[in-house]
Engineer: 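Below is one structure. I have some questions about it.
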Amino acid sequence: MQQRPRLPLHWQILIALVLAVFAGLLTGTDGALFGLPLVAVFAFVGELFLNALKMLIVPLIVSSIIVGMAGIGAADNLGRMGGKTIGYYTLTSLLAILVGLLVANLIQPGVVTGSAEEVFGLTADKASLEARFADKGAGDIVGIFLRMIPSNVVAAASEGQMLGMIFFSLLYGFFLTRIPNQFAEAQFDFWNGMFQIMMRITDLIMRFAPLGVFALVAQTVASTGLAAFVPLAKFFFTVLLALGLHFFVTLPLLLYFLGGIDPRRHYRAVSPALLTAFSTASSSATLPITMECVEQNAGVSNRTSSFVLPLGATVNMDGTALYECVAVLFIAQAYGIELGLATQFTIVLLALLTSIGVAGIPAASLVAIAIILSAVGLPLEGLGLILAVDRVLDMLRTAVNVCGDSCGAVIIARSEGEQGVLTDRPVAAAGDDAT
Ligand code: ASP
């Protein structure tokens, strides 16, 4: 029934993306057609696409985790899968942060002569920044994790509190396998049915991805312009370089050595998800497409992907963790504040924790950076220095976040002995030469 488009989807999205850059540059904020401002048209179409993706998040996360948990079944399987997932996520986030730390210390993008505010063109007014973020302190980290156990699961769902929803769904799926058969079967069929329906709707929405991506990117380019980048070019390229190292070096090495997988094939398989992540700047909104790519194109079983990916979209954010680290160091450098080893270590730890806790939505890092700044005693208004380029960097780091999740899914699937995953050769057994 399903008609295959002639041009593969990732090419369609890529072309849309390039066209969008030109369209955005051409129209700027003033371009209009028949009196209708084009930016408003882009914003309208982009929001429709985003809404369509977000509409799936709650039912998709809940149904996929419940089905995934029920599929994992026995407690020791669960322990193994859970352990691998947490281990992989912690390892990659930590590697990403260390790359960020290294690059930011080597390049020192914030070291300038003169007042940081003038050199970097402080974009936000200090008072409003203070008002927005003043209450963010180290205590907020506790708050993030307190919400993990929601007092009201319906409220958690309606407020988009992923951690709470995930926790409840994990419990639900776990106990689904521990009730009498007649109830368990009915429950499983129900949630599995819901999951299948969500994936079908994802199929439909994905057909509109090129249009949605075009609108979102054109809107960003039209409203950001290039001028904002000039003073922040060094910071921008520092982040770009660090993200690039993680994306092109660390993750491919992990894919190859831990999973026995050809990174090029994997990246090709998940490219629609990466491009959607780039355009939406939201890991959560991209989740339906990530799941579709990892299952359909990379051949990961539903059992693995429905456990690893929804968790990853919320707790595993390599790009975000890296960005938080670089941004905080940049702000410290810009204000001429030397950070000792102990403080840098605190930053690493806080970047790791907050990247787990913050939601997969646009600009979520800003809240995390505010928390870190106040925890290590740096001026909060420093956030204003990076706002001008945050959106584009958000797009880039979100693509890295989603890439990290997808790599986790295939690596864990391979380690569980799944045969259908992208590879031409068997996974190296422990102790085998992986090269
Ligand atoms: N936008 C990012 C994401 O959704 C989070 C962030 O770094 O702001 O993954």
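All values below were derived from every heavy atom in this structure, side-chain atoms included, with hydrogens, water molecules and symmetry-related copies excluded. Whatever order the structure lists ligands and atoms in, that order sets their numbers, starting from 1.
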Engineer: Shortest non-hydrogen contact from Ala242 to Gly100?
Structural biologist: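 Heavy atoms only, the tightest pair is CB-CA, 4.2 Å.
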Engineer: Is there a polar contact, in the sense of an N or O pair closer than 3.5 Å, between Thr320 and ligand 1?
Structural biologist: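 Thr320 vs ligand 1: N/O contact under 3.5 Å present.
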Engineer: Near Ala281, which atoms of ligand 1 are under 4.0 Å from a heavy atom of that residue?
Structural biologist: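 Numbered from 1, ligand 1 contributes 1 (N), 4 (O).
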Engineer: Please check: side-chain N/O of Asp394 versus main-chain N/O of Ala363, any donor-acceptor pairing under 3.5 Å?
Structural biologist: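 It does hold such a pair.
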Engineer: Quick one: does ligand 1 sit under 4.0 Å from the side chain of Ala363, the backbone, both or neither, non-hydrogen atoms only?
Structural biologist: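 Within the 4.0 Å criterion, Ala363 contacts ligand 1 through backbone atoms alone.
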Engineer: Within a distance under 4.0 Å of any heavy atom of Ser282, pick out the atoms of ligand 1 and give their elements.
Structural biologist: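 In order of number, 4 (O).
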Engineer: To check your reading of the model: name the closest protein heavy atom to atom 1 (N) of ligand 1, its residue, and the distance in Å.
Structural biologist: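 For atom 1 (N) of ligand 1, the nearest protein heavy atom comes out as Asp394 OD1, 2.7 Å.
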Engineer: Do we see a donor-acceptor contact under 3.5 Å between the side chains of Glu416 and Thr304?
Structural biologist: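 No, no side-chain donor-acceptor contact under 3.5 Å.
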Engineer: N/O to N/O below 3.5 Å, does that happen between Ile361 and ligand 1?
Structural biologist: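 Min N/O separation from ligand 1 is below 3.5 Å for Ile361.
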Engineer: Measure the distance from atom 2 (C) of ligand 1 to every protein heavy atom, then report the residue, atom name and distance (to 0.1 Å) of the closest one.
Structural biologist: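 For this ligand atom, the closest protein heavy atom is Thr398 OG1, 3.3 Å.
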Engineer: Quick one: closest heavy-atom pair of Asp318 and Gly404, and the distance?
Structural biologist: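 Closest approach of Asp318 to Gly404: OD2-CA, 3.9 Å.
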Engineer: Could you list which atoms of ligand 1 come closer than 4.0 Å to a heavy atom of Asn401?
Structural biologist: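 Answer for ligand 1: 2 (C), 3 (C), 9 (O).
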Engineer: Below a 4.0 angstrom heavy-atom separation, can you tell me which part of Ser365, side chain or backbone, both or neither, approaches ligand 1?
Structural biologist: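 Both backbone and side chain.
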Engineer: Looking at atom 9 (O) of ligand 1, what's its closest protein heavy atom, distance included?
Structural biologist: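 Result: Ser283 OG, 2.4 Å.
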Engineer: Can a side-chain donor-acceptor contact be found between Glu418 and Ser301 if the only test is distance below 3.5 angstrom?
Structural biologist: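 The answer is yes; a qualifying pair exists.
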Engineer: Below 3.5 angstrom, do we get any N/O pair linking Gly360 and ligand 1?
Structural biologist: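 Yes; at least one N/O pair falls below 3.5 Å.
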Engineer: I need the minimum non-hydrogen distance between Ala327 and Phe235, along with the two atoms involved.
Structural biologist: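 Smallest heavy-atom distance, with atoms named: CA-CE1, 3.9 Å.
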Engineer: Are the charged groups of Asp262 and Arg268 less than 4.0 angstrom apart, N to O?
Structural biologist: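 Salt bridge: no.
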Engineer: Looking only at side-chain N and O atoms, does Thr286 offer a donor or acceptor that is under 3.5 Å from a partner on Thr280?
Structural biologist: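 The answer is yes; a qualifying pair exists.
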